[in-house]
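Atoms considered below: every heavy atom in the structure, side chains included; atoms not considered: hydrogens, waters and symmetry mates. All ligand and atom numbering here is 1-based and tracks the order in the structure.
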Amino acid sequence: MAFDIEMIKAVYERMPARIAAARALTGKPLTLTEKILYSHLWEGTPSTAYARGNSYVDFAPDRVAMQDATAQMALLQFMQAGRPQVAVPSTVHCDHLIEAKVASSTDLAVAVDKNKEVYDFLSSVSDKYGIGFWKPGAGIIHQVVLENYAFPGGMMIGTDSHTVNAGGLGMIAIGVGGADACDVMAGLAWELKFPKLIGVKLTGKLNGWTAPKDVILKVAGILTVKGGTGCVVEYFGEGATSMSCTGKGTICNMGAEIGATTSTFGYDDSMARYLQSTGRADVAAMADQVREHLTADPEVYANPEKYFDQVIEIDLDTLEPHLNGPFTPDLATPISKMKELAEKNGWPTKVEVGLIGSCTNSSYEDIARAASLAKQVASKGLKTKAQFTITPGSELVRYTIERDGFIDTFNTIGATVFSNACGPCIGQWARPGAEKGEKNTIVHSFNRNFAKRADGNPNTFAFVASPEMVTALAIAGDLTFNPLTDTLTNEKGEQVKLDAPTGDELPQKGFAAEDAGYQAPAEDGSGVQVKVSPTSDRLQLLDPFAAWEGTDLSGLKLLIKAKGKCTTDHISMAGPWLKYRGHLDNISNNMLIGAVNFFNEKTDNVKNQLTGEYGPVPATQRAYKAAGIGTIVVGDTNYGEGSSREHAAMEPRHLGVRAVLVKSFARIHETNLKKQGMLALTFANEADYDKIQENDSINIVGLGSFAPEKQLTIELVHADGSKESFAVNHTYNAQQIEWFKAGGALNIIRASVK
Ligand code: MIC
Ligand code: SF4
């Protein structure tokens, strides 16, 4: 039986009446996205038709998921909320902190030992507050959620940007910062600007070498890393229904890479089959009863242009396999064009390593199809040229693929099987030789390929592809190999062609695992002691941030004017810093160390206006803090893109930065800043970015009458005493202004329990 079946039942019972009310209010047929959103309003039955891209709406998500690297901060905040138990079903997944070095068994044991105090904290805090705990080795959050918790028509939030993966099972699943998760677990509403809608019509059917991954690689090429901002992407058409449920998951997963709020698909037979084979026939039977509510109204898919803000059409019959990269997931190249482009751009074409798996692509089908290629190595007398690794997404998948002989097949091509965890996808790959910084190429089936992401080497050119293509390219050892047309020379000197991949969508013998790795919380957690050592350098209980002083902010110093791309990796780097995710003061020593200083083009080197000396960003900021001087961070467009990590907002808050002023923000990061009581501002006129000088003192004027949709003013006092001022925008609503005044949203929750 599925987890939380009563909750799912209640969602389905409410849906029909709420959807009918929304249809009457909007006076039009509804998309699936609207059906799910309108049936999860905090107010219950809808009473207003919301303006897409405009109205802030309070929602009541059904569940919360957290991974270990973000759960620490989310739960440290929750502990301050004064609640005895979480208000909605919630889970914690230990996946990000496991390094991939030798192979699964050794690496897992090392991680369990190294991260013991963090795991003990997460396990005890979960036990206390009624949270399901998935132990290290159980698998990656998004795969475990898809296997156990996702359900068609549901709404969830998760403290990881790839929470969106659950759209593969017809959910609206959204990545958030820990403070948002904390609110929902504390029984409060969750706010989101009502999204715009992009419809993607998939005609034809996947065939041959083309995989679901190629759909999203193509979409990323069309929309770019910013194109989905503020939008939900809804897929439909014959190509959607004929695709596996896990394939849909892959497509939704990488919706994070186009900045989309989330992506989803209507309920269909593939989802029913997946629910049945993962032990949730009960959910499938209930979903069948409300089937019409779990997909858009027929008029919508018949005339999508009328109901979506943008429509994209992709013909799967002719879609080619793609390789996206290097260094950004939206640089999409069809395989037939790779030879030409690699030559033109000087990309190294020798493939050193092929890596399959991760939360994006480790379904049974993915592995089966990749294994069908690995098998041909022996049968066709070939030799695999590149190294090959597999990171299974969960123990359920790992156990089943081992039982069905796929791991043995991969072993014949010399594969390494890493732990069921994020590993190489998040810089937790102790790749031998990476420190030499040599120029080299890898291909992987993960989702992100920003510089340094996998192995820390800035000269690793990483290309994202389907597991099938990764396997074929690893066998060939060549980025320009097109398996659709090219041949390989085998050991006997013959020219052979790889047959197109094949594989079952789901295991014929069913899924199995000896121990899936789940730990249920205590029935009554009131007596459970949460384990945090006061001397720990990895965990630190939080102190409340100070409330706003009630005046305009004056005499702020410019900490840094960041130039160009400034992702959450630039603001709060992962890799080696993951270990401080539960210790705000320690992790603050990575604040903005990756951002490029506009004035000298260097990273982690800014001017301390008090001494005139240049030094690292965190140390400079600590000096201002010690002197009681507030600062401001200035940035470019899409500031804070990438991950959901709220450390990127909490670190500046903790160290005394008062405002972040940029050309534009990525959604999750902007909310994270607001939640922590920071000022997140945008230039009304982007060219004003150029007015900011290195030795400026800055005043923020208008806070006494801070109100929604009312601009604030920035006054610059330049070193020569001259002054300039300009207007800045913000997107704070009334509630969010209260967060600012209280010094952070959590201070309001805390006050409500006293
Ligand atoms: C990622 O893929 O970048 C991560 C690591 O999963 C992050 C979360 C984090 O920083 O902990 C994400 O995508 O939100
Ligand atoms: Fe883990 Fe990578 Fe997935 Fe993020 S994208 S959850 S790091 S496997």
Problem set entry | Residue portion contacting ligand 1 (non-hydrogen atoms closer than 4.0 Å) for H647 | neither

For this session: Give the residue, atom name and distance (to 0.1 Å) of the protein heavy atom nearest atom 1 (Fe) of ligand 2.
Result: C422 SG, 2.4 Å

Exercise. How does R453 reach ligand 2, if at all, at less than 4.0 Å between non-hydrogen atoms: by side chain, backbone, both, or neither?
Worked result: side chain

Exercise. Any chance the side chains of K213 and N361 put a donor and an acceptor closer than 3.5 Å?
Worked result: yes

Problem set entry | N586 side chain to D537 side chain, donor-acceptor N/O pair below 3.5 angstrom | no

Seminar exercise, completed: Check: of G177, S161, S572, min heavy-atom distance to atom 14 (O) of ligand 1 comes from S161

Seminar exercise, completed: Near H162 (heavy-atom distance under 4.0 Å), the atoms of ligand 2 are 4 (Fe), 5 (S)

Exercise. Does any donor atom in the side chain of H96 or Q67 lie under 3.5 Å from an acceptor atom in the other side chain?
Worked result: yes

For this session: Classify the side-chain pair W190/D180 by whether it contains a donor and acceptor separated by less than 3.5 Å.
Result: yes

Exercise. To which protein heavy atom is atom 3 (Fe) of ligand 2 closest, and what is the distance rounded to 0.1 Å?
Worked result: C359 SG, 2.3 Å

Problem set entry | Options S643, A648, G427, ranked by nearest heavy atom to atom 7 (C) of ligand 1, top entry | S643

Exercise. Does a side chain donor of either D68 or H93 reach within less than 3.5 Å of an acceptor in the other side chain?
Worked result: no

For this session: Have a look at ligand 1 and work out which part of I426, if any, has a heavy atom under 4.0 Å from it: side chain, backbone, both or neither.
Result: side chain

Exercise. Within 45° of the six-membered ring axis of F265 and under 6.0 Å from that ring's centre, is NZ or CZ of K248 located there?
Worked result: yes

Exercise. Between R581 and ligand 1, does any nitrogen or oxygen pair lie at a separation below 3.5 Å?
Worked result: yes

For this session: Pick one of side chain, backbone, both or neither for how H96 approaches ligand 2, counting any non-hydrogen atom pair under 4.0 Å.
Result: side chain

For this session: Between Q67 and ligand 2, find which residue part has any heavy-atom pair under 4.0 Å and reply side chain, backbone, both or neither.
Result: neither

For this session: Ignoring hydrogens and angles, state whether a donor on the side chain of N672 or R667 is under 3.5 Å from an acceptor on the partner side chain.
Result: no

For this session: Output yes if C425 passes the N/O/S-under-2.8 Å test against atom 2 (Fe) of ligand 2; output no otherwise.
Result: yes

For this session: Classify the side-chain pair H654/D585 by whether it contains a donor and acceptor separated by less than 3.5 Å.
Result: yes

Problem set entry | Contact check: R448 vs ligand 1, nitrogen or oxygen atoms, below 3.5 angstrom | yes

For this session: Give the single entry among E646, H162, R453, Q67 that approaches atom 1 (C) of ligand 1 most closely by any heavy atom.
Result: R453

For this session: Just jot down the ligand 2 atoms closer than 4.0 angstrom to any heavy atom of H142, in number order.
Result: 6 (S)

Seminar exercise, completed: Short version for D95: what comes under 4.0 Å of ligand 2, heavy atoms counted, is neither

Exercise. Using 30° and 60° as the class limits, which term best fits the ring planes of F665 and H669: parallel, tilted or perpendicular?
Worked result: tilted

